[in-house]
Amino acid sequence: MNRSVDDQAARTPAVAGVPLLDLARQHGPLQEQFAAALAKVCQSGWFCLGPEVKQLEESLARYSGVKHAIGCASGSDALLLALMALEVGPGDEVIVPSFTFFATASAVARLGAAPVFADIDPATFNIDPACVHGLLTAKTRAIIPVHLYGQCAEMDALLEVSRAAGVPLVEDAAQAIGAEFDGRRAGSMGQIGCFSFYPTKNLGGAGDGGMVTTGDDKLAEKLRLLRVHGMEPRYYHSLVGVNSRLDAFQAAILNVKLPHLDRWTDMRTESADRYTALFHEAGLDRLVGLPRAMPHRRHVWNQYVVRIPDGRRDQLRSFLAEAKIGSEIYYPLGLHEQQCFLYLGYRRGDLPETDRATAEVLAKGHKLAGPNYLKHRSLSPKNA
Ligand SMILES: *Cc1c(COP(=O)(O)O)cnc(C)c1O
């Protein structure tokens with residue numbers, strides 16, 4: 001996701017219009033608890049890892065229904081650590097969606113392995129299991145489904161592909177904390193789950209942070225080592241790891257916020273249902289592709305994303321900008337077409353559903369935008 005836009009969105013005051021994201025509304029009532037929690041960290045002198053991080057790891061493991069949770073510096077690092085723990089390296093291939101945030105694929109490339117891009121299911125925007133199956137080779141070392149926008153990928157089919165091929169699944173759950181597939185939580189189904197606490201995520205810190213989850217004791221031990229330079233005991237290194245500690249300030253803020261997460265998720269669901277009802281009321285549901293929570297899944301609505309077909313997306317976006325209604329395109333270009341991945345040899349048309357999604361998707365602000373949003377010319381049935 002575009003950091004400068006997100007940073008700006010997070011700072012936009014809620015005076016006029018509808019900001020893309022209004023964090024002040026969520027944080028206002030918690031200011032005193034934040035201050036107390038941060039003061040406690042200062043007094044303790046534990047700034048990296050330590051008891052606040054341990055508490056968060058335990059709470060998140062419980063929340064996500066997984067045995068181990070290991071805090072790290074960001075969601076991007078969580079993905080990198082996951083692939084390091086699986087010993088992905090040069091000559092290996094890792095299957096990822098092209099329609100996702102950059103970090104899903106950059107973790108693969110940074111380890112010298114090749115990202116292999118799969119297309120998406122147009123109904124959910126998530127990686128297409130049949131496509132994944134077709135991309136397996138003797139070099140495939142991992143598959144990374146992304147639970148995009150807050151809805152789990154088709155995990156039954158993906159777990160089947162993974163089991164049959166003996167290739168581990170790493171869930172990119174950065175946008176999907178608390179999401180469920182058949183009652184199982186995001187991050188608890190694959191060998192490893194990866195979370196982000198970037199401020200725009202459903203559980204956001206006051207800066208960067210991340211978490212890796214796993215049910216496997218050996219992998220957990222390895223992940224704990226890898227985040228501290230493979231060091232144990234002090235100054236003795238059994239693995240070449242990285243510095244990816246979660247700091248105590250972030251954990252302290254997140255420990256204050258986690259107990260509210262389910263209530264916030266309910267509010268997101270109510271907003272999503274309300275948007276959908278308004279689109280139906282206005283008769284726009286035939287012109288705009290509306291997002292749907294699929295059966296047996298708990299969608300946590302990190303983003304409410306519609307499809308605006310027939311090349312009218314950008315026109316609508318300009319109208320929204322004039323009306324001071326925040327919107328964003330997640331994502332405008334598939335990763336297979338990014339300049340830094342041109343060396344992989346993909347061409348436009350290789351992943352048709354990804355290309356179509358990049359041309360059609362639009363995410364809107366988290367507050368109700370009001371009737372003007374629905375009155376735009378480009379959306380009016382008369383104009384169809
Ligand atoms: C945000 C995000 C990441 C990276 O998380 P950071 O904490 O920003 O490094 C990875 N994957 C997806 C799908 C994301 O949305």
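Numbering of ligands and ligand atoms starts at 1, following listing order.
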Enquirer: So which bit of S74 gets within less than 4.0 Å of ligand 1, heavy atoms only: side chain, backbone, both or neither?
Expert: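 It is both parts that get close, each with some atom under 4.0 Å.
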
Enquirer: Does one side chain, of T137 or E93, offer a donor that lies under 3.5 Å from an acceptor on the other?
Expert: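 Result is yes, a qualifying pair exists.
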
Enquirer: In terms of side-chain geometry, is the basic nitrogen of E87 or K222 positioned less than 4.0 Å from the acidic oxygen of its partner?
Expert: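 Between K222 and E87 there is a salt bridge, with a charged N closer than 4.0 Å to a carboxylate O.
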
Enquirer: Go through the side-chain N and O atoms of N255 and E52 and say whether any donor and acceptor fall under 3.5 Å apart.
Expert: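 Distance-only check passes for N255 and E52.
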
Enquirer: Measuring from H147:NE2 to T100:OG1, what's the distance to the nearest 0.5 Å?
Expert: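 If I round to the nearest 0.5 Å, the distance is 11.0 Å.
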
Enquirer: Ligand 1 versus S76, non-hydrogen atoms closer than 4.0 Å: side chain, backbone, both, neither?
Expert: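 It is both backbone and side chain that touch ligand 1.
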
Enquirer: Any ring pair (Phe, Tyr, Trp, His ring centres under 6.0 Å) involving residues 209-238? Give me the pairs, sequence neighbours left out, ordered by first then second residue.
Expert: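 Matches after skipping sequence neighbours: none remain.
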
Enquirer: Short N/O distance, under 3.5 Å, between Q175 and ligand 1?
Expert: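 Min N/O separation from ligand 1 is below 3.5 Å for Q175.
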
Enquirer: Going by heavy atoms, is H147 under 4.0 Å from ligand 1?
Expert: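 Flag not set, H147 not near ligand 1.
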
Enquirer: Please collect all ring pair (Phe, Tyr, Trp, His ring centres under 6.0 Å) contacts where either partner lies in residues 21-52, sequence neighbours excluded, each pair once.
Expert: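 Listed once each, the pairs are H27-F34, F47-F249.
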
Enquirer: Just to be sure I read this right, does ligand 1 sit under 4.0 Å from the backbone of T100, its side chain, both, or neither, counting only heavy atoms?
Expert: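 Only the side chain of T100 comes within reach of ligand 1.
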
Enquirer: Show me which atoms of ligand 1 lie under 4.0 Å from any heavy atom of V146.
Expert: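 Close to V146: 13 (C).
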
Enquirer: At less than 4.0 angstrom from any non-hydrogen atom of G75, what atoms of ligand 1 do you find?
Expert: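 Checking each atom against G75, I get 4 (C), 5 (O), 6 (P), 7 (O), 9 (O).
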
Enquirer: Please list, in number order, the atoms of ligand 1 under 4.0 Å from a heavy atom of S196.
Expert: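 Within the 4.0 Å cut-off of S196, ligand 1 contributes 5 (O), 6 (P), 7 (O), 8 (O).
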
